[in-house]
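Just below is one structure, and these are the notes that go with it.
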Amino acid sequence: MFTQLLAQATSDIASQLWNQQVAPASIQIEKTPSHFEGDVTIVVFPFVKMARLKPEDTAQAIGAALAEKISGIDRFNVVKGFLNITFTPAFWLSQMSEAAPVAEYSRPEGNDAKTIVLEYSSPNTNKPLHLGHIRNNLLGWSLAEVYKAAGHNVIKANLINDRGIHICKTMVAYNMWGNNETPESAGVKGDHLIGKYYVLFDKANKEEAAELGIEKPEDGDTPLMKDARAMLRDWEKGEPHVMALWNKLNSWVIDGFNDTYARLGVDFDKVYRESETYLSGKDIVQKGLAEGHLQQDPDGSVWIDLTDEGLDRKILLRSDGTTVYMTQDIGTAVARHNDFGADKMVYVVGNEQIYHFDVLKKTLKRLGYDWADNILHYSYGMVELPEGKMKSREGTVVDADDLLDEMKQTAADISKEAGKAQDLPAVEQDRLHEMIGQGALKYFILRVDPKKNMLFNPSESIDFNGNTGPFIQYTHARICSVLNKGSEAGIAVDALKWFADAELKPQEKELLYQLLTLPQMTEKAANNESPAVVANYSFELAQMFNSMYQEISILREPDETLRNNRLLLAKRTAETLKFAMGLLGVGMPEKM
RNA sequence: GGUCUCGUAGCUCAGCUGGAUAGAGCAGCAGCCUUCUAAGCUGCGGGUCGUGGGUUCGAAUCCCGCCGGGAUCACCA
């Protein structure tokens, strides 16, 4: 974009006038605020010292030199250390025709393209997905798209946690109360059926604990917990009847997950099962012990001592020689690094596991794997309800499938009330409502800073007006409608007419500027690893468009060149919105 | 207690690699649909950017202290 040109020219001027090297990337160039005259502003305070001039004179000197170098500069003015530059109409108009098509931003030529393995979702197979999982899935998928848009190669991975005490609990409950119930016979998704038995187990276990006076039902010695632990031992031995049940229940859950993934438009290049990887890491730890990086206690357990790095002593192998969570993560990280030659490994996991990943990275480094520095724990905040954290056991969760249904229904209600899209076939309307409902949900979740906890208030539900996904979808549909009406009336968009010498309105310059910053925006989103950047950019763009063309007419403009410029801007806006929101997984309807 | 993190309008959030008068949306009030989609637009009211210092031409943004919320520190995952 032209700001890079401007930065380069300014850098050259600094070296000519004051013999100082200034990196073009470090020069601050911004859109001029609307209450000052000018199109873009260069902040010249950093040059004041080298110029040995007052800020005003420094800006004046740079401005004069720039005006000589760049013919597109019409005039400039100086306010304190701010150099405000105004370009000629012809210069502005040339920018659009020189800009690369939006489609090309999706795969820029990146010479620093990295191979990134990005793990996300990673659910437990004992209960259905809830709103917290949705945040994980959307962030993970969208982050992968953002990386791709910045030119990286991404491998999306999912490690399904299909083994352990939690699934044994549901197996015990199913054996006791299941009566051969299946998802088909119960008429529910497999993950919901399994979730029912998990809750049943927990409830019954609490009752047993209360009767027996056991304090902690979780790790206490209730008969039910003993059964569950016995089943886990049988599973590890590979007892056929246990394996059969385990396979059956897991396949139900995973089928259910896959339905939800498909509905959300979330996918994976590689799916791992913890049952296949849970033994990994043991040999690595034993090797590390032999090499003297680790310690062994008298009872045989193996530890790493990270107290000198501000952490604690952590166990890596139990006294019976079995692995723990950390051991498995060491094993899978090494395998993943070797399998994919990954430059970077990203784990999308909630912020309650910051400590765990801190230990993982430091342990890997201690074991001699220097690439541990390339591990990023992409930790996101939790979704809170007005009454506090979501807790599966207390039933204070927002179920993912229910929420998706509700969003779709709300979209349908609003659409019907407004009398929109009534002429579409029922199937199309259904698809539209799904797209809008999901647009509202995805935008709601992705527009906030991933690091922060976010609040979801079910009683107020998610908005469809204002700074929302549907607003951006609406803007896109409106533009499509204008373009369609135009072509019906024989007014086609002609890219060549753009060169005509017609002044752009200030708002149109702002819109054009925003459109031209798309590549910088995707780069920023990738560097900050934040889909929220994309969401906020899209909203600003849509808002600018709506605001401007509420009053100004596009198709009824009598001047052919002006009309064509507006059509071009409109078309470009629609393409940009579709591309940007695509990074968030939000579909853009042509009608709504 | 140690470590990490968050605190911006009544509410939900932007802005944070320091820049000009701190922005949106929702909620409230007042307007705008025989004219390209009103899921929209325009206007009004609403702020000691938790607090006290420091760094400098300049701090919501960087550093330190304090106050308040959250997370975490298992032979669980």
Side-chain angles (χ1 to χ4, degrees), chain A residues 26 28 30 32-33 35-36 41 43 45-46 48-49 54-55 79-82 84 122 124 161 163-166 218-219 274 278 297 299-303 310-312 314-320 322 324-326 328-329 350-356 358-359 379 381-382 384 388-389 411 414-415 417-418 420-421 436 440 444 447-449 451-457 460 463-475 477-486 489 491 527-528 532-533 535-536 539-540 543 546-557 566-567 570 591-592:
Chain A
S26 69
Q28 291 179 64
E30 300 154 5
T32 305
H35 46 275
F36 292 100
T41 296
V43 183
F45 286 104
V48 168
K49 219 176 277 176
K54 286 189 291 182
V79 181
K80 292 191 283 186
F82 300 97
N84 301 322
S122 302
N124 286 350
N161 204 339
R163 166 218 88 88
I165 193 72
H166 56 83
E218 271 315 290
D219 42 24
E274 198 198 290
Y278 81 105
D297 276 7
D299 64 2
S301 55
V302 178
W303 301 73
L311 302 177
D312 304 276
K314 298 293 295 186
I315 193 160
L316 297 179
L317 287 178
R318 295 193 186 96
S319 49
D320 62 6
T322 55
V324 294
Y325 180 38
M326 187 66 70
Q328 296 156 33
D329 266 3
N351 62 11
E352 71 272 14
Q353 294 201 35
I354 288 175
Y355 184 80
H356 170 81
D358 212 5
V359 171
S379 75
M382 35 198 56
E384 288 171 344
K389 277 187 70 172
I414 293 173
S415 178
E417 200 177 319
K420 297 280 187 89
I436 296 169
F444 175 82
R447 67 176 264 251
V448 314
D449 185 338
K451 290 195 299 290
K452 293 185 183 176
N453 288 354
M454 64 182 295
L455 185 83
F456 176 78
N457 190 338
E460 289 174 8
D463 230 314
F464 284 68
N465 298 315
N467 188 352
T468 65
F471 167 70
I472 297 168
Q473 291 172 319
Y474 160 80
T475 307
R478 207 188 127 196
I479 295 171
C480 289
S481 170
V482 170
L483 294 174
N484 286 335
K485 289 232 164 81
I491 307 169
N527 289 342
N528 294 8
V533 170
N536 290 318
F539 175 67
E540 276 177 41
Q543 203 179 31
N546 261 315
S547 168
M548 174 169 29
Y549 294 116
Q550 185 81 18
E551 303 294 328
I552 303 171
S553 169
I554 296 174
L555 293 175
R556 279 188 299 277
E557 170 60 48
R566 288 177 194 166
L567 279 168
K591 222 178 205 192
M592 69 181 273

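Just so we're clear, the structure is a prediction, and the values are computed from it rather than from any experiment. Residue numbering restarts at 1 for every chain, and letters A, B, ... go by the order of the sequence lines.
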Looking at [X] and [Y], what are the two nearest heavy atoms and their distance?
X	Y	result
A:D320	A:T322	OD1-OG1, 2.6 Å
A:A440	A:P470	CA-CD, 3.6 Å
A:V482	A:L555	O-CD1, 3.6 Å
A:S319	A:D299	CB-O, 3.4 Å
A:Y278	A:Q328	O-CG, 3.1 Å
A:V448	A:A532	O-CB, 3.8 Å

Across the strands shown, which category fits [X] at heavy-atom distances under 4.0 angstrom: base, sugar-phosphate, nothing?
X	value
A:Q543	sugar-phosphate
A:I552	base
A:F539	sugar-phosphate
A:D449	sugar-phosphate

All ring-ring contact (aromatic ring centres under 6.0 Å, His included) counterparts of [X], not counting sequence neighbours:
X	value
A:F36	none
A:F464	none
A:H356	A:Y325

Nearest whole angstrom, please: distance from the [atom2] of [N] to the [atom1] of [X].
X	N	atom1	atom2	result
A:K314	B:C75	NZ	P	7 Å
A:Y355	B:A77	OH	P	16 Å
A:D463	B:G25	CG	P	12 Å
A:E551	B:U42	CD	P	8 Å
A:M326	B:A74	CE	P	11 Å
A:N546	B:C32	CG	C1'	15 Å
A:E384	B:C6	CD	C1'	10 Å
A:L483	B:C36	CG	C1'	10 Å

Between [atom1] on residue [X] and [atom2] on residue [Y], distance to nearest 0.5 Å:
X	Y	atom1	atom2	result
A:E540	A:I472	CD	CD1	10.5 Å
A:S415	A:M592	OG	CE	7.5 Å
A:I491	A:I554	CD1	CD1	10.5 Å

Rounded distance in Å between the [atom1] positions of [N] and [M]:
N	M	atom1	value
B:G2	B:U12	C1'	33 Å
B:C66	B:C11	P	27 Å
B:U61	B:G18	P	12 Å
B:C62	B:U5	P	12 Å
B:G23	B:G70	P	32 Å
B:G46	B:C36	P	36 Å
B:G10	B:C49	P	12 Å
B:A38	B:A14	C1'	26 Å

(message) Please pick, from B:G19, B:A14, B:A77, the nucleotide with the shortest atom-to-atom distance to any side-chain atom of A:Q328.
(response)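 So the side chain of A:Q328 is nearest to B:A77.
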(message) What's the closest nucleotide to the side chain of A:R556 if the choices are B:C36, B:A77, B:G19?
(response)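 Between B:C36, B:A77, B:G19, the one nearest the side chain of A:R556 would be B:C36.
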(request) For side-chain contact (heavy atoms from CB on, under 4.5 Å), just list the numbers for A:F45 and A:Q28, CA-CA rounded to whole Å, side-chain angles, deciding distance to a tenth of an Å, and then say yes or no. (result) CA-CA 10 Å; A:F45 286 104; A:Q28 291 179 64; over 6 Å; no
Can you pull every protein N or O that's under 3.5 Å from an N or O on nucleotides 59-65 of chain B?
none

So which protein nitrogen or oxygen atoms get under 3.5 Å of nucleotides 37-39 of chain B's nitrogens or oxygens?
{"from": "B:U37", "atom 1": "OP1", "to": "A:S481", "atom 2": "OG", "distance (Å)": "2.5"}
{"from": "B:U37", "atom 1": "OP2", "to": "A:S481", "atom 2": "OG", "distance (Å)": "3.0"}
{"from": "B:U37", "atom 1": "OP2", "to": "A:K485", "atom 2": "NZ", "distance (Å)": "2.7"}
{"from": "B:U37", "atom 1": "O2'", "to": "A:Y474", "atom 2": "OH", "distance (Å)": "2.4"}
{"from": "B:U37", "atom 1": "O2", "to": "A:K420", "atom 2": "NZ", "distance (Å)": "3.0"}
{"from": "B:U37", "atom 1": "N3", "to": "A:M592", "atom 2": "O", "distance (Å)": "3.0"}
{"from": "B:U37", "atom 1": "O4", "to": "A:A477", "atom 2": "O", "distance (Å)": "3.4"}
{"from": "B:U37", "atom 1": "O4", "to": "A:M592", "atom 2": "N", "distance (Å)": "3.2"}
{"from": "B:A39", "atom 1": "OP1", "to": "A:K420", "atom 2": "NZ", "distance (Å)": "2.3"}
{"from": "B:A39", "atom 1": "O4'", "to": "A:N465", "atom 2": "OD1", "distance (Å)": "3.3"}
{"from": "B:A39", "atom 1": "O3'", "to": "A:N465", "atom 2": "OD1", "distance (Å)": "3.2"}

(message) Reading RNA chain B from 5' onward, which residue's closest nucleotide shows up sooner: A:E352 or A:Q28?
(response)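 Checking each residue's closest nucleotide, the 5'-ward one belongs to A:Q28.
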(request) Name the residue closer to the 5' end of RNA chain B, choosing between A:N467 and A:S553 according to the nucleotide with the nearest heavy atom. (result) A:N467
(request) Go through the N and O atoms of the side chain of A:S547 and the base of B:C41, and report whether any donor-acceptor pair is under 3.5 Å. (result)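 In this structure, the two groups form no donor-acceptor pair.
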side-chain contact (heavy atoms from CB on, under 4.5 Å) involving [X] - partner list, sequence neighbours excluded:
X	answer
A:D449	A:K451, A:K452
A:N467	A:Y443, A:R447, A:F539
A:L311	A:L306, A:Y355, A:D358, A:V359, A:K362
A:N546	A:F471, A:Y474, A:T475, A:R478

(message) Could you check B:C33 for me: syn (within 90° of 0) or anti?
(response)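 Here B:C33 takes the syn form, which means its glycosidic angle is within 90° of 0.
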(message) Looking at A:N453 and A:M382, would you say the former's side chain and the latter's main chain have a donor-acceptor pair under 3.5 Å?
(response) yes
(request) Give the stems involving RNA chain B, where a stem is 3 or more consecutive Watson-Crick or G-U wobble pairs (i with j, i+1 with j-1, and so on) under 3.5 Å. (result)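 The stems are B:1-7 with B:67-73, B:10-13 with B:23-26, B:28-32 with B:40-44, B:50-54 with B:62-66.
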(message) Check the phosphate of B:C76 against A:R163, side-chain N and O only, distance under 4.0 Å to OP1 or OP2. Yes or no?
(response)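 The answer is no; no side-chain N or O of A:R163 sits under 4.0 Å from OP1 or OP2.
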Could you list the protein-to-nucleotides 20-23 of chain B atom pairs, N/O on both sides, closer than 3.5 Å?
{"from": "B:A20", "atom 1": "N6", "to": "A:T41", "atom 2": "OG1", "distance (Å)": "2.8"}
{"from": "B:A20", "atom 1": "N6", "to": "A:N84", "atom 2": "OD1", "distance (Å)": "3.1"}
{"from": "B:A20", "atom 1": "N1", "to": "A:N84", "atom 2": "OD1", "distance (Å)": "3.3"}

Could you go through nucleotides 9-12 of chain B and list every protein N or O atom that sits under 3.5 Å from one of its N or O atoms, giving the distance for each pair?
none

